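Step one of this worksheet: look at the structure below.
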Amino acid sequence: MKFLFFTDTHIRGNNPRSRKDIFVETLYLKFQEILDYINNNGIDYVLFGGDLFDRPDISLSVAQRFIELLNNFPKPIYMVLGNHDIYGQNPTTVNRTILGILQTLGIIKVLDNEPVILKTLNKTIKITGSSYKYDIDIDKNKEKYISKKEEVDYLIHIVHGMLMEKEFIKEVPHTLIDELVFNTEADITLCGHYHNGFGIKKIDNKYFVNPGALVRINNSLSEINRMPSFAVIDIDDNINIYIEKLASALKGEDVIDRDIVKLEEQKEVTFNKIIQSVSSYGSYQFISLEKIIEEIATRENIPEDVKKEAIIRLERSQISLSEKEVVD
Ligand SMILES: [Mn+2]
(Lines give C-alpha, C1' and ligand atoms only; values in the text may rest on other atoms or scores of the structure.)
Protein backbone atom coordinates (compact mmCIF):
# COMPACT_ATOMS: atom_id res chain seq x y z
CA MET A 1 0.00 0.00 0.00
CA LYS A 2 1.41 3.35 -1.03
CA PHE A 3 0.82 6.69 0.70
CA LEU A 4 1.74 10.21 -0.29
CA PHE A 5 2.28 12.64 2.60
CA PHE A 6 2.55 16.40 2.16
CA THR A 7 2.05 19.33 4.51
CA ASP A 8 1.76 23.10 5.10
CA THR A 9 0.46 24.35 1.75
CA HIS A 10 -0.92 27.61 3.19
CA ILE A 11 -3.36 28.33 0.34
CA ARG A 12 -4.04 32.07 0.07
CA GLY A 13 -4.99 34.57 -2.60
CA ASN A 14 -2.48 37.31 -1.86
CA ASN A 15 1.30 37.19 -1.90
CA PRO A 16 3.47 36.65 1.19
CA ARG A 17 5.67 39.74 1.41
CA SER A 18 8.83 37.90 0.53
CA ARG A 19 7.56 36.21 -2.66
CA LYS A 20 8.48 37.59 -6.08
CA ASP A 21 6.17 35.31 -8.08
CA ILE A 22 2.37 35.09 -8.11
CA PHE A 23 2.03 32.84 -5.09
CA VAL A 24 -1.45 31.49 -5.78
CA GLU A 25 -0.48 30.38 -9.32
CA THR A 26 2.66 28.67 -8.04
CA LEU A 27 0.57 26.90 -5.42
CA TYR A 28 -1.94 25.74 -7.98
CA LEU A 29 0.86 24.23 -10.11
CA LYS A 30 2.18 22.40 -7.06
CA PHE A 31 -1.20 20.87 -6.29
CA GLN A 32 -1.49 19.80 -9.91
CA GLU A 33 1.92 18.15 -9.72
CA ILE A 34 0.88 16.30 -6.55
CA LEU A 35 -2.30 15.10 -8.28
CA ASP A 36 -0.33 13.93 -11.35
CA TYR A 37 2.11 12.09 -9.11
CA ILE A 38 -0.77 10.35 -7.32
CA ASN A 39 -2.27 9.22 -10.62
CA ASN A 40 1.00 8.14 -12.24
CA ASN A 41 2.69 6.37 -9.34
CA GLY A 42 0.07 4.07 -7.90
CA ILE A 43 -0.58 6.09 -4.74
CA ASP A 44 -3.44 4.49 -2.78
CA TYR A 45 -4.01 7.15 -0.10
CA VAL A 46 -3.08 10.78 0.49
CA LEU A 47 -2.15 12.04 3.96
CA PHE A 48 -1.82 15.69 4.96
CA GLY A 49 -0.08 17.30 7.95
CA GLY A 50 -2.12 20.51 8.46
CA ASP A 51 -2.17 24.19 7.41
CA LEU A 52 -3.95 23.48 4.15
CA PHE A 53 -5.11 27.10 4.20
CA ASP A 54 -3.19 30.14 5.37
CA ARG A 55 -6.32 31.49 7.08
CA PRO A 56 -9.61 29.87 8.12
CA ASP A 57 -11.57 32.31 5.94
CA ILE A 58 -9.66 32.78 2.66
CA SER A 59 -11.68 34.34 -0.13
CA LEU A 60 -14.33 32.18 -1.76
CA SER A 61 -12.90 32.67 -5.26
CA VAL A 62 -9.55 31.19 -4.21
CA ALA A 63 -11.23 28.45 -2.18
CA GLN A 64 -13.45 27.52 -5.13
CA ARG A 65 -10.46 26.99 -7.44
CA PHE A 66 -8.65 24.73 -5.02
CA ILE A 67 -11.79 22.85 -3.97
CA GLU A 68 -12.33 21.96 -7.62
CA LEU A 69 -8.79 20.60 -7.83
CA LEU A 70 -8.91 18.74 -4.50
CA ASN A 71 -12.21 17.22 -5.57
CA ASN A 72 -10.28 15.43 -8.35
CA PHE A 73 -8.11 13.61 -5.84
CA PRO A 74 -9.08 9.93 -6.14
CA LYS A 75 -9.82 9.43 -2.43
CA PRO A 76 -10.51 11.62 0.59
CA ILE A 77 -7.39 13.21 2.07
CA TYR A 78 -6.76 12.00 5.63
CA MET A 79 -5.46 14.94 7.62
CA VAL A 80 -5.07 16.88 10.83
CA LEU A 81 -5.78 20.58 11.31
CA GLY A 82 -2.98 23.11 11.51
CA ASN A 83 -3.03 26.32 13.53
CA HIS A 84 -3.73 28.30 10.33
CA ASP A 85 -6.79 26.23 9.39
CA ILE A 86 -8.80 27.22 12.47
CA TYR A 87 -9.74 30.26 14.58
CA GLY A 88 -7.96 31.11 17.81
CA GLN A 89 -5.89 27.90 17.55
CA ASN A 90 -9.03 26.07 18.60
CA PRO A 91 -9.99 22.89 16.64
CA THR A 92 -13.66 23.14 17.66
CA THR A 93 -14.00 26.20 15.39
CA VAL A 94 -13.56 24.05 12.25
CA ASN A 95 -17.25 24.18 11.34
CA ARG A 96 -16.91 27.91 10.73
CA THR A 97 -14.04 27.53 8.26
CA ILE A 98 -13.44 26.70 4.59
CA LEU A 99 -11.95 23.45 5.81
CA GLY A 100 -15.26 22.60 7.46
CA ILE A 101 -16.85 22.83 4.02
CA LEU A 102 -14.27 20.41 2.57
CA GLN A 103 -15.07 18.07 5.43
CA THR A 104 -18.81 18.21 4.73
CA LEU A 105 -18.17 17.50 1.04
CA GLY A 106 -16.11 14.42 1.98
CA ILE A 107 -13.01 15.79 0.21
CA ILE A 108 -11.03 15.62 3.43
CA LYS A 109 -11.35 13.54 6.59
CA VAL A 110 -10.04 14.92 9.87
CA LEU A 111 -8.50 12.07 11.85
CA ASP A 112 -8.66 13.31 15.45
CA ASN A 113 -11.62 11.36 16.77
CA GLU A 114 -11.90 8.94 13.88
CA PRO A 115 -8.90 6.71 13.28
CA VAL A 116 -8.93 4.92 9.95
CA ILE A 117 -8.24 1.22 9.43
CA LEU A 118 -6.98 0.11 6.02
CA LYS A 119 -6.53 -3.49 4.92
CA THR A 120 -4.28 -5.06 2.31
CA LEU A 121 -4.36 -8.78 1.49
CA ASN A 122 -2.52 -9.75 4.66
CA LYS A 123 -1.81 -6.57 6.64
CA THR A 124 -3.83 -4.05 8.63
CA ILE A 125 -2.75 -0.42 8.82
CA LYS A 126 -4.21 2.08 11.27
CA ILE A 127 -3.97 5.85 10.79
CA THR A 128 -4.48 8.19 13.72
CA GLY A 129 -3.96 11.94 14.02
CA SER A 130 -3.77 14.92 16.35
CA SER A 131 -4.62 18.42 15.17
CA TYR A 132 -2.77 21.46 16.47
CA LYS A 133 -3.66 22.83 19.88
CA TYR A 134 -1.91 25.75 21.56
CA ASP A 135 -0.49 23.54 24.33
CA ILE A 136 0.57 20.61 22.13
CA ASP A 137 4.27 21.24 22.80
CA ILE A 138 3.88 22.66 26.31
CA ASP A 139 2.18 19.49 27.58
CA LYS A 140 4.75 17.51 29.60
CA ASN A 141 3.35 14.13 28.59
CA LYS A 142 3.37 15.04 24.89
CA GLU A 143 0.03 13.25 24.69
CA LYS A 144 -0.92 14.47 21.21
CA TYR A 145 2.24 12.97 19.74
CA ILE A 146 1.58 9.53 21.18
CA SER A 147 -0.55 6.85 19.58
CA LYS A 148 -1.29 3.27 20.63
CA LYS A 149 -1.14 0.35 18.26
CA GLU A 150 -3.61 -2.22 19.57
CA GLU A 151 -4.47 -5.02 17.11
CA VAL A 152 -2.92 -3.82 13.86
CA ASP A 153 0.26 -4.61 11.92
CA TYR A 154 1.26 -1.01 11.25
CA LEU A 155 0.37 2.30 12.88
CA ILE A 156 0.79 5.72 11.25
CA HIS A 157 0.24 8.84 13.40
CA ILE A 158 -0.06 12.35 11.91
CA VAL A 159 0.55 15.47 14.06
CA HIS A 160 0.69 19.21 13.50
CA GLY A 161 3.22 20.38 16.07
CA MET A 162 6.78 21.58 16.58
CA LEU A 163 8.55 18.22 16.46
CA MET A 164 12.31 18.69 16.16
CA GLU A 165 15.32 16.43 15.93
CA LYS A 166 17.48 18.70 18.12
CA GLU A 167 17.04 21.49 20.67
CA PHE A 168 15.56 24.70 19.22
CA ILE A 169 15.14 28.39 20.24
CA LYS A 170 13.86 28.21 23.81
CA GLU A 171 11.09 30.80 23.29
CA VAL A 172 9.42 28.48 20.81
CA PRO A 173 7.80 25.51 22.56
CA HIS A 174 8.86 22.34 20.83
CA THR A 175 9.06 18.58 21.23
CA LEU A 176 12.07 16.40 20.57
CA ILE A 177 11.89 13.09 18.72
CA ASP A 178 13.85 11.62 21.65
CA GLU A 179 10.92 12.41 23.98
CA LEU A 180 8.59 10.23 21.91
CA VAL A 181 10.63 7.27 20.75
CA PHE A 182 9.94 5.07 23.77
CA ASN A 183 6.38 6.27 24.39
CA THR A 184 4.60 6.18 21.06
CA GLU A 185 3.73 2.90 19.41
CA ALA A 186 3.42 4.45 15.95
CA ASP A 187 5.72 2.87 13.38
CA ILE A 188 5.61 6.12 11.46
CA THR A 189 5.00 9.60 12.91
CA LEU A 190 4.28 12.15 10.17
CA CYS A 191 4.61 15.77 11.12
CA GLY A 192 3.83 19.24 9.79
CA HIS A 193 4.18 22.77 11.30
CA TYR A 194 7.98 23.17 11.25
CA HIS A 195 8.34 24.39 7.67
CA ASN A 196 12.03 23.57 7.24
CA GLY A 197 11.32 19.93 7.96
CA PHE A 198 13.87 17.32 8.99
CA GLY A 199 13.35 14.64 6.35
CA ILE A 200 13.24 11.04 7.55
CA LYS A 201 14.65 9.97 10.92
CA LYS A 202 14.68 6.32 11.96
CA ILE A 203 15.23 5.59 15.66
CA ASP A 204 14.58 2.31 17.44
CA ASN A 205 12.83 0.98 14.35
CA LYS A 206 10.39 3.92 14.34
CA TYR A 207 10.20 6.52 11.61
CA PHE A 208 9.71 10.25 12.17
CA VAL A 209 9.06 12.21 8.99
CA ASN A 210 8.66 15.89 8.14
CA PRO A 211 9.35 16.62 4.44
CA GLY A 212 8.95 20.38 5.12
CA ALA A 213 6.26 22.74 3.87
CA LEU A 214 5.17 22.40 0.25
CA VAL A 215 5.69 26.15 -0.13
CA ARG A 216 8.40 28.53 1.01
CA ILE A 217 6.82 31.49 2.76
CA ASN A 218 9.52 33.23 4.75
CA ASN A 219 12.84 34.49 3.43
CA SER A 220 15.31 32.84 5.79
CA LEU A 221 18.43 31.46 4.20
CA SER A 222 17.43 27.89 5.00
CA GLU A 223 14.11 28.38 3.20
CA ILE A 224 15.80 29.84 0.12
CA ASN A 225 18.12 26.83 -0.08
CA ARG A 226 15.35 24.28 0.53
CA MET A 227 13.46 22.58 -2.29
CA PRO A 228 9.77 21.88 -1.52
CA SER A 229 9.20 18.15 -1.13
CA PHE A 230 6.72 15.47 -0.15
CA ALA A 231 7.13 11.95 1.25
CA VAL A 232 6.11 8.60 -0.17
CA ILE A 233 5.48 5.71 2.21
CA ASP A 234 5.39 2.23 0.75
CA ILE A 235 4.23 -0.52 3.10
CA ASP A 236 4.08 -4.24 2.42
CA ASP A 237 6.14 -6.73 4.43
CA ASN A 238 8.32 -3.86 5.48
CA ILE A 239 8.33 -0.07 5.42
CA ASN A 240 10.04 1.96 2.72
CA ILE A 241 9.93 5.77 2.93
CA TYR A 242 11.47 8.30 0.57
CA ILE A 243 11.35 12.03 -0.09
CA GLU A 244 10.49 13.40 -3.53
CA LYS A 245 11.31 16.95 -4.60
CA LEU A 246 8.68 18.95 -6.48
CA ALA A 247 9.69 19.26 -10.11
CA SER A 248 7.65 22.44 -10.61
CA ALA A 249 9.39 24.36 -7.78
CA LEU A 250 11.78 27.09 -8.91
CA LYS A 251 15.10 27.91 -7.26
CA GLY A 252 14.70 29.76 -3.95
CA GLU A 253 16.45 32.94 -5.13
CA ASP A 254 14.06 33.19 -8.09
CA VAL A 255 10.94 33.32 -5.92
CA ILE A 256 12.03 34.72 -2.55
CA ASP A 257 13.07 38.28 -1.77
CA ARG A 258 15.78 38.46 0.91
CA ASP A 259 15.18 42.12 1.80
CA ILE A 260 12.59 41.82 4.53
CA VAL A 261 14.98 39.64 6.49
CA LYS A 262 14.48 38.36 10.03
CA LEU A 263 11.36 40.43 10.65
CA GLU A 264 9.03 37.47 10.20
CA GLU A 265 11.14 35.23 12.44
CA GLN A 266 11.21 37.86 15.17
CA LYS A 267 7.41 38.16 14.99
CA GLU A 268 7.03 34.41 15.51
CA VAL A 269 9.27 34.49 18.60
CA THR A 270 7.33 37.42 20.10
CA PHE A 271 3.98 35.80 19.37
CA ASN A 272 5.02 32.57 21.07
CA LYS A 273 6.26 34.51 24.10
CA ILE A 274 2.82 36.10 24.43
CA ILE A 275 0.96 32.81 24.03
CA GLN A 276 3.24 31.18 26.58
CA SER A 277 2.89 33.91 29.17
CA VAL A 278 -0.88 33.96 28.75
CA SER A 279 -1.24 30.20 29.06
CA SER A 280 1.04 30.06 32.09
CA TYR A 281 -1.30 32.55 33.76
CA GLY A 282 -4.33 30.31 33.70
CA SER A 283 -6.05 27.73 31.59
CA TYR A 284 -8.30 29.13 28.92
CA GLN A 285 -10.76 26.99 26.99
CA PHE A 286 -11.12 29.57 24.26
CA ILE A 287 -8.52 32.13 23.45
CA SER A 288 -10.86 35.09 23.37
CA LEU A 289 -8.62 38.05 23.95
CA GLU A 290 -11.42 40.07 25.49
CA LYS A 291 -12.08 37.38 28.08
CA ILE A 292 -8.40 37.10 28.90
CA ILE A 293 -8.17 40.86 29.46
CA GLU A 294 -11.29 40.65 31.61
CA GLU A 295 -9.85 37.87 33.74
CA ILE A 296 -6.42 39.39 34.19
CA ALA A 297 -7.98 42.74 35.13
CA THR A 298 -10.07 41.11 37.84
CA ARG A 299 -7.20 39.10 39.30
CA GLU A 300 -4.71 41.96 39.28
CA ASN A 301 -7.21 44.58 40.43
CA ILE A 302 -6.60 46.73 37.38
CA PRO A 303 -8.67 49.96 37.28
CA GLU A 304 -11.82 49.87 35.14
CA ASP A 305 -10.69 52.66 32.76
CA VAL A 306 -7.40 50.90 32.01
CA LYS A 307 -9.27 47.70 31.24
CA LYS A 308 -11.71 49.53 28.97
CA GLU A 309 -8.85 51.23 27.13
CA ALA A 310 -7.20 47.85 26.54
CA ILE A 311 -10.42 46.44 25.08
CA ILE A 312 -10.94 49.50 22.85
CA ARG A 313 -7.39 49.20 21.51
CA LEU A 314 -7.92 45.53 20.86
CA GLU A 315 -11.09 46.25 18.88
CA ARG A 316 -9.36 48.95 16.89
CA SER A 317 -6.52 46.65 15.87
CA GLN A 318 -8.94 43.84 14.97
CA ILE A 319 -10.82 46.21 12.66
CA SER A 320 -7.69 47.50 11.01
CA LEU A 321 -6.45 43.91 10.54
CA SER A 322 -9.66 42.79 8.88
CA GLU A 323 -9.60 45.84 6.58
CA LYS A 324 -6.11 44.89 5.41
CA GLU A 325 -7.28 41.38 4.66
CA VAL A 326 -9.85 42.49 2.11
CA VAL A 327 -6.98 42.42 -0.43
CA ASP A 328 -7.31 38.63 -0.40
MN1 LIG B 1 2.39 26.03 8.72
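In listed order, ligands and their atoms are each counted from 1. As the structure is a computational prediction, the values presented were derived from the model and not from experiment. The chain is numbered in sequence order, starting from 1.
Ring pair Y132/H193 is tilted by interplanar angle, where 30° to 60° counts as tilted. Relative orientation of the H84 and H10 rings is perpendicular, given thresholds of 30° and 60° on the angle between their planes.
Around CD of E309, the count of heavy atoms belonging to other residues, nucleotides or ligands within 6.0 Å exceeds 12.
Salt-bridge formation is not detected for the pair K140/E179: no Lys NZ or Arg NE/NH1/NH2 atom is positioned less than 4.0 Å from an Asp or Glu carboxylate oxygen.
Around the Mn ion (ligand 1), the protein N, O or S atoms closer than 2.8 Å are D8 OD2, H10 NE2, D51 OD2, H195 NE2, listed by chain and residue number.
Taking the ring axis of F208 as reference, the NZ or CZ atom of K201 does not stay both within 45° of it and closer than 6.0 Å to the ring centre.
Here the options are T189, I188, L190, the test is side chain to side chain contact (heavy atoms under 4.5 Å, CB included), and the partner is I158; only L190 passes.
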